[in-house]
Chemist: 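Here's a structure for you.
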Amino acid sequence: MSRVWSKLNKIGATAFVCLAFFTCALSYSDPANALEPIPVPADIDAVDLTESVDIHEDAGPLLRVSTAPGADGIVRRIEVPSRDGSSRSWAVFALANTGDEQIDRLLVAPYFQLVESKLFWPDLGSSRIRAITPSQGIAPVREKSLEADVFLITLDPGAVVTFVAELTTAELPQLRLWKPDVYKETVNGYSLYRGIILGISGLLALFLTILFVVKGTVMFPATAALAWAVLAYLCIDFGFWSLVFNLEQGEDQLYRAGAEVLLAASLIIFLYAYLNLNRWNIHYSHLALTTLVLLLGLVGVAVWDPSIAAGIARLSLGIIGMLGFVTILVLAFQGYDRAILLIPTWFLLIAWLVGAGMTITGALDNDIVQPALGGGLVLIVLLIGFTVMQHAFAGGAIAQGLISDVERRALALTGAGDIIWDWDIDRDRIYTGNEVEELLNLRRGTLEGPARDWLEILHPQDRDRFRATLDAVIDQRRGKIVQTFRLRSEDGHFRWFRLRARPIVGADGEVIRCVGTLLDVTEERMAEERLLHDAVHDNLTGLANRELFMDRLRSAVAQARADESGAKPTVVMLNVDRFKQVNDSIGLSAGDSILLTVARRLGRLIGQQDALARINGDQYGILILSEREPDRIVALVDSLRKAVRSPITFGEREIFLTCSAGIALYEGGKQAVEDLVTNAEIALNHAKRLGGDRQEVFRPILRPLGKNVIDLESDLREAIKKESLGVFFQPIVRLEDQTIAGFEVLARWQHPKRGKIAPSEFIPIAEQSGLINELGTYMLEKAAQQLAFWQKELPRTIPLFVSVNLSSRQLLKHDLINDVKAVLSRSSLAPGTLKLELTESVVMSNPEYSSKVLERLRGLGAGLSLDDFGTGHSSLSYLQRFPFDTIKIDQSFVKPNGQSARPILLRTIVAMGKDLGMSIVAEGAENEADALELYQLGCEFAQGYFFGHAMSADEATKVLRQVPVEAAAS
């Protein structure tokens, strides 16, 4: 009874284990049906597994799959992880060994298959399988191969093994199971075939390249380019490229796409060169060039995405083939022999394109179609090479040898296009055909007559020379005629002709004929004249350039030396002020128009003996011979400057310019021409340094000044650094009670060696060298310190103010706001008493930027004064945009100048300033009458020599202390 009970317990436990295993199997079962194993017969060379493989796309890095039923009928469940965690696609298949012996097979997945590779976004090949995991048995071993993923698979007798392949791509174009020996024999066979094809293709490309070197015809490099492109494509397709350059397995997509692009591009080049399409229609050239550029651009696309580039290249190759065939047929119907010779070869190319199209779409899918297409491509290039050689070497030396020397000369004369000129001396008749008469629009027969009839239509300056040449040939009975002359046309214009002829001597030793050619060289002579003119004239203005100006000056100096009582040359160098700023602001076209206008104005004022030239850029040179007296020369130059000062209208705007001039008078003796020009340029530079809009006569004292600019700049830098530069203050007076309301800060320089140097001399040097920023900061700091001292020691109800000038460089300097902020923070100044003076030209150099900077400065507590008001060009339109609180009227409006409009303008400016709520300061009050007039007009402040010159800080302090505090407070 106990034994029975024990057996029942064992049976129950077994049933429980089976039930648990069955339940577990159900919980992990795949919804898909179990795999159907593929039998592997021992006598079959290759088994195609492509359609029997289950592809799992986007399955993740871990694949769980059910195996094929084993020999015991049990379906198992396996789980395969990815090697590196990046795979997402898997392939699953099962193999069954139905025999009783172990078998070895090679599982082969080619990298690239032309079959079904598609037209758009084609599959350009890659490594397909990263690893294979079997459900049981021996793991597959990867074998080396340049063309495919090859794995050695071993199947035990009667085994059913499920294989899970980890894919590198989602596509698996072909998967076959080969017998090892058969696969190796097949690979060796294809390798031999490919080697033969590559050898033929390489020899053909090399042969065509050598023919190009020997023959030099453009057809050969085009054909050679096509042959090299085909060779490159085959090297990549046959795997030779990967072997030579040691590429990774299947990583030749870029090179394959590039080869297909080059194949299409070389086909375009061959068609264009061989058919000589540029001779038929310009549109052929445009179309070919555009297509070629687009195709070569695909090389760059291939770097980004080889698949897109290859798809476009394949489509382009088909289009080029069809359009090329149509073009060949059209030209063949027109009788073009090159097109006729190319028809058979191009028909074969069309057949090849059709076969290739069927292959990539899958209509042709056998194993030999891809190698066959490669061989066909080499055959096409071979036929194209034969066609090119047949045409290039047709009609060679044998045909040329049949032409006689006389015929060769006649052909050469016809090809040259020259006009025949034949003079029958015995009959005194000249024959030229009708070409010359048609060129001159003369009636037929006008030039077919005696030689004397030619004298009537010859240019008067050429008649004697023409007659003398013909007489000399007849008298000397030898020589040749090479002469250029002019013939008059019906409308009175002359055309140039070149005559080349030789005399023909008869049996009696006399000249019986004179035969040669006549060539129309009008355009050639006109081109020579233009070149000669351009060599010594300015292209823009048409004036003489520097070389011609110097030549004329040398002639004038030589004449002056020969005749001391004659005219003495004077050199004037004239330069437009601020031309670069105008050019930058309104454009180069406006600048060219300004230069032309200035040239015309100057040309109208100088005498007929004088010479005007454009030396460079905006600089003109004037050679004056019409005036001798220095006063009259200076007056002439002044009139030239006034002419430039007149407004120039460009579009809807008026441009106001000024100019500077340097004058160099001829001193006689052995003065060199170059020194005369140099002196004028030194005087010009001196006028520019003094602020421009002036003229200077050269004086010997200016020469060292021009040479020592660098030394002067260094001394100025040192003076600023050591704070030895003088800071002076010119009083600004309140006209109501004539008390000092403030000062204008001025820089004065007492040079240790040269003595006092005027601001008009060292300020331009500071601006050109960039020292103006340091100089402005220095003056700003000194003015703020002195003003803080006065406001503290001499308090007033209305605080004193000082005005400091700012240059354009300071305004455009990005650190200006920080500099002003630092100065104000170090000095306890009443708001608005440190005034920054800016001229209209400075503000208008960059209105938008200036407006923002001025707003910031005003916000810091600085006062803003618009200096030289009324002398600019655009202040009225922009005045309300800028936060100025003071207007300084230029002294040109204050000084009496005999013009009746001056008081009206002055009154208008004062009234406008009051209406805008601004303080008004008038400059240039020289006497009591000026002060009284300004006060009566309502002007609030004035400055000038009547109220005091610029003085040092100590002197200004003494003047301020003389005013009682009560008076100042009142």
Side-chain angles (χ1 to χ4, degrees), residues 412-476 479-504 511 513-545 547-549 551-552 555 596 599-600 603 608-609 611-613:
L413 185 62
T414 303
D418 293 352
I419 302 169
I420 299 175
W421 189 84
D422 181 13
W423 181 28
D424 187 349
I425 298 177
D426 292 338
R427 299 172 57 198
D428 192 17
R429 291 187 62 83
I430 294 178
Y431 170 80
T432 60
N434 301 322
E435 291 92 337
V436 180
E437 296 167 350
E438 291 177 357
L439 287 172
L440 300 176
N441 198 23
L442 301 175
R443 60 179 177 83
R444 287 180 175 271
T446 302
L447 300 178
E448 293 183 4
R452 63 176 178 272
D453 292 347
W454 279 58
L455 299 178
E456 298 180 3
I457 63 172
L458 275 166
H459 194 279
Q461 297 178 1
D462 300 332
R463 291 172 184 172
D464 294 338
R465 184 162 48 89
F466 180 76
R467 184 191 299 110
T469 302
L470 296 185
D471 293 342
V473 170
I474 295 175
D475 293 341
Q476 297 178 8
K480 60 181 180 179
I481 301 174
V482 179
Q483 189 176 106
T484 304
F485 48 78
R486 288 159 287 184
L487 296 178
R488 186 181 67 249
S489 61
E490 183 67 23
D491 57 4
H493 292 86
F494 287 89
R495 298 187 69 88
W496 285 90
F497 290 89
R498 181 182 292 118
L499 174 63
R500 293 181 178 179
R502 287 181 178 274
I504 299 176
V511 178
R513 303 184 83 87
C514 195
V515 181
T517 60
L518 197 65
L519 182 63
D520 183 9
V521 294
T522 304
E523 295 184 359
E524 179 181 338
R525 290 303 296 259
M526 292 178 65
E528 292 177 359
E529 292 176 358
R530 283 195 299 269
L531 288 175
L532 290 174
H533 181 274
D534 293 343
V536 293
H537 288 82
D538 177 53
N539 292 330
L540 175 63
T541 61
L543 299 176
N545 61 10
E547 287 74 15
L548 183 56
F549 180 77
D551 183 70
R552 291 175 177 174
S555 300
L596 281 169
R600 294 192 188 101
Q608 294 182 353
Q609 302 175 1
L612 174 64

Chemist: For F549 and A544, which heavy atoms make the closest approach, and how far apart are they?
Modeler: N-CB, 4.5 Å
Chemist: Testing the basics here: between L540 and L596, what is the closest heavy-atom pair and its distance to 0.1 Å?
Modeler: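 Where L540 meets L596 most closely, the heavy atoms are O-CD2, 3.3 Å.
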Chemist: Which heavy-atom pair separates G603 from L612 by the least distance, and what is that distance?
Modeler: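 The answer is N-CD2, 3.7 Å.
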Chemist: List in chain and number order the residues that pass side-chain hydrogen bond (donor to acceptor under 3.5 Å, both in side chains) with R463, two or more places apart in sequence or in another chain; answer none if no residue qualifies.
Modeler: none
Chemist: Any non-hydrogen side-chain atom of N441 less than 4.5 Å from a side-chain atom of D491?
Modeler: no
Chemist: Using the six-membered ring wherever Trp is involved, compare the ring planes of W454 and F466 and label them parallel, tilted or perpendicular (cut-offs 30° and 60°).
Modeler: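 Taking F466 first and then W454, their aromatic rings lie parallel (interplane angle under 30°).
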Chemist: N545 and H537: which non-hydrogen atoms are nearest, and at how many Å?
Modeler: ND2-N, 3.6 Å
Chemist: Please report the closest heavy-atom contact between E490 and L442, naming both atoms and the distance.
Modeler: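 Heavy-atom minimum between the residues: OE1-CD2, 3.6 Å.
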Chemist: What residues form a salt bridge (Lys or Arg N to Asp or Glu O under 4.0 Å) with R552, not counting sequence neighbours?
Modeler: none
Chemist: How long is the span from the CE atom in M526 to the CZ atom in R495, to the nearest 0.5 Å?
Modeler: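 M526 atom CE to R495 atom CZ measures 9.0 Å (nearest 0.5 Å).
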Chemist: Does any N or O in the side chain of T522 come within less than 3.5 Å of the main-chain N or O of W496, such that one atom is a donor and the other an acceptor?
Modeler: yes
Chemist: Tell me every residue that passes salt bridge (Lys or Arg N to Asp or Glu O under 4.0 Å) with D462, counting only those two or more places apart in sequence or in another chain.
Modeler: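 Applying salt bridge (Lys or Arg N to Asp or Glu O under 4.0 Å) to D462 gives R465, R486.
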Chemist: State, to 0.1 Å, how close C514 and A501 come at their nearest heavy-atom pair, and which atoms those are.
Modeler: SG-CB, 4.0 Å
Chemist: Does the side chain of I420 come within less than 4.5 Å of T432's, by heavy atoms?
Modeler: no
Chemist: Check each of R502, R513, R429 against D422 using the salt bridge (Lys or Arg N to Asp or Glu O under 4.0 Å) test, and report the only one that passes.
Modeler: R513
